[in-house]
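Since the structure comes first, as structure tokens, the remarks are kept for the end.
Residue numbers begin at 1 in each chain, while the letters A, B, ... track the order of the sequences.
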There are 2 protein chains.
Amino acid sequence: MNIATQRPFSQVLDRLRMAGLRPTRQRLALARLLFDGCDRHVSAEQLHSEALAANIRVSLATVYNSLHQFTSAALLREIVVDAGRSYFDTNTSEHHHFFFERSGHLEDIAGHMVTVTKMPDAPAGTTIRRVDVIVRVDG
Amino acid sequence: MNIATQRPFSQVLDRLRMAGLRPTRQRLALARLLFDGCDRHVSAEQLHSEALAANIRVSLATVYNSLHQFTSAALLREIVVDAGRSYFDTNTSEHHHFFFERSGHLEDIAGHMVTVTKMPDAPAGTTIRRVDVIVRVDG
DNA sequence: GTGTTTGCAAAGTGTTTGCAATTTA
DNA sequence: TAAATTGCAAACACTTTGCAAACAC
């Protein structure tokens, strides 16, 4: 990531503030890596490596904390495709995923590309939080 | 599980043989626990406890091996809802799942209760292996 | 007998935790 | 200064591995 293409500092800063997250040096740096305009699917390890590569001193524990805080604040969405690894998706709008089983790669499917016409009612006393559609392909 | 309600020995035995799996004492015992007629969602730990409770001496490693072998042989289907835990579903027909986020409980949705009318094409050079629909509810 | 399967204990993976030191407002 | 956040290292939960002993055919 070239510094010239990064989002303005203030934009990311506002985003954190609006989410009620104190804009610490670490959170700010991670947020700038994540919310660079592209839709991304990152694991904690990946983001940590990326941060180190960019000379951002941050511990893995803080990366985990931040990813979860961003997820709670709806800045990220967590996707589970694979037992034993979590991915975080910077695209929080309604959409689904291709999962390439061989490579472990994840790719967005725009929301309008999938239509679910028939759905069961939520079990009594519950509310549907989200419907995840994962199309598993052998790529 | 009452012994009187268990599947006949020979039925489970044939099932293993047809899958090309040597019907060892452990595989046979685990298969009898799993394929008792009900649709079940089990984790390795759960199945291991169940086996011990039923006085079947089997190691956790063997439970893992067997679950994966059964899955490869299409006697089971693996479901991932939760990073860090695998569930195995004895229902291998087309169907989907409710996932109760609070309790971690998993429940089948019959295939005919969900209709996906519009689907993207598989990415070039790939084949769709399966479409998983997971309805996350807060139960 | 021969190749397969098992059990064990150890190693591995990804994630979380407890707590003192640091930083933010 | 008070409360929130961080880094570290240890703990954690779940899963896989290596290999000698046991087993199925």
Side-chain angles (χ1 to χ4, degrees), chain A residues 9-10 12-33 41-52 55-73 75-76 78-88 104 106, chain B residues 9-10 12-33 41-52 55-73 75-76 78-88 104 106:
Chain A
F9 210 74
S10 59
V12 175
L13 204 139
D14 286 347
R15 226 168 150 175
L16 289 182
R17 277 211 241 270
M18 278 196 296
L21 294 170
R22 221 181 247 199
T24 63
R25 182 175 62 71
Q26 290 86 338
R27 289 211 270 242
L28 213 46
L30 294 175
R32 294 187 82 197
L33 287 177
H41 303 109
V42 293
S43 68
E45 290 280 6
Q46 267 165 41
L47 184 59
H48 186 228
S49 307
E50 226 175 283
L52 296 187
N55 265 308
I56 300 160
R57 270 190 304 87
V58 61
S59 72
L60 185 55
T62 297
V63 172
Y64 274 105
N65 282 341
S66 301
L67 286 172
H68 288 140
Q69 290 154 353
F70 292 175
T71 302
S72 298
L75 300 177
L76 291 178
E78 190 171 359
I79 304 166
V80 181
V81 273
D82 213 350
R85 178 161 312 184
S86 270
Y87 287 98
F88 294 86
L106 205 54
Chain B
F9 211 74
S10 59
V12 174
L13 204 141
D14 287 348
R15 223 165 152 178
L16 290 181
R17 276 209 241 272
M18 279 197 295
L21 295 169
R22 214 181 252 197
T24 62
R25 181 176 63 73
Q26 290 86 339
R27 289 213 269 242
L28 214 45
L30 294 175
R32 293 187 84 197
L33 287 177
H41 304 109
V42 293
S43 69
E45 290 280 5
Q46 267 165 42
L47 184 58
H48 186 230
S49 307
E50 227 175 283
L52 296 187
N55 265 307
I56 299 160
R57 268 191 305 87
V58 61
S59 72
L60 185 55
T62 298
V63 172
Y64 274 106
N65 284 340
S66 302
L67 286 171
H68 288 139
Q69 290 153 353
F70 293 174
T71 302
S72 298
L75 300 178
L76 291 179
E78 191 172 357
I79 304 167
V80 181
V81 274
D82 213 351
R85 178 161 314 185
S86 270
Y87 286 96
F88 294 87
L106 205 54

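- Residue B/Leu30 contributes atom CG, which lies 14 Å from atom P of C/dT5 at whole-angstrom precision.
- Residues B/His48 and B/Val58 are in side-chain contact: their nearest non-hydrogen atoms beyond the backbone lie under 4.5 Å apart.
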Could you give me the CA-CA distance, side-chain angles and deciding distance for B/Val63 and B/Gln26, then say whether side chain to side chain contact (heavy atoms under 4.5 Å, CB included) is met? CA-CA 8 Å; B/Val63 172; B/Gln26 290 86 339; over 6 Å; no
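- The heavy-atom pair separating B/Ser43 from B/Tyr87 by the smallest distance is N-CD2, 4.2 Å.
- Counting heavy atoms from C-beta on, the side chains of A/Glu45 and A/Leu60 come closer than 4.5 Å.
- With a 6.0 Å radius and a threshold of 12 heavy atoms from other residues, nucleotides or ligands, B/Arg25 has its CZ atom above the threshold.
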Quick one: what's the B/S/- string for nucleotides 3-10 of chain D, heavy-atom cutoff under 4.0 Å, read 5' to 3'? -SSSBB--
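- Computed from coordinates, the B/Tyr87 OH to D/dA13 P distance equals 15 Å when rounded to whole Å.
- A/Arg15 contributes atom CZ, which lies 5.5 Å from atom CG of A/Leu75 (distance to the nearest 0.5 angstrom).
- Backbone-only contact: A/Ser86 has heavy atoms under 4.0 Å from sugar-phosphate atoms and none from a base.
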Does the side chain to side chain contact (heavy atoms under 4.5 Å, CB included) test come out yes or no for B/Val80 and A/Asp82, once each step is laid out? CA-CA 6 Å; B/Val80 181; A/Asp82 213 350; 5.6 Å; no
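- Checking the phosphate oxygens (OP1, OP2) of D/dT15, no side-chain nitrogen or oxygen of B/His68 falls inside 4.0 Å.
- Between the NE2 atom of A/His48 and the P atom of C/dT13 there is a distance of 17 Å, given to the nearest Å.
- Per the geometry, CG belonging to A/Leu67 stands 14 Å off C1' belonging to C/dT16, to the nearest Å.
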For residues 16-24 of chain B, run the donor-acceptor check on the side chains, cut-off 3.5 Å, and write out each pair with its distance to 0.1 Å, sequence neighbours left out.
{"from": "B/Thr24", "atom 1": "OG1", "to": "B/Arg27", "atom 2": "N", "distance (Å)": "3.2"}

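- Using a 4.0 Å cut-off, some side-chain N or O of A/Tyr64 falls inside it from OP1 or OP2 of C/dT15.
- Taking atom CG of residue B/Leu52 and atom P of nucleotide C/dG7, one finds them 10 Å apart after rounding to whole Å.
- Within the 4.5 Å cutoff, no side-chain heavy atoms of A/Leu33 are placed close to those of A/Val42.
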Paired and unpaired positions of DNA chain D as dot-bracket, Watson-Crick or G-U wobble under 3.5 Å, | denoting a partner strand: |||||||||||||||||||||||||
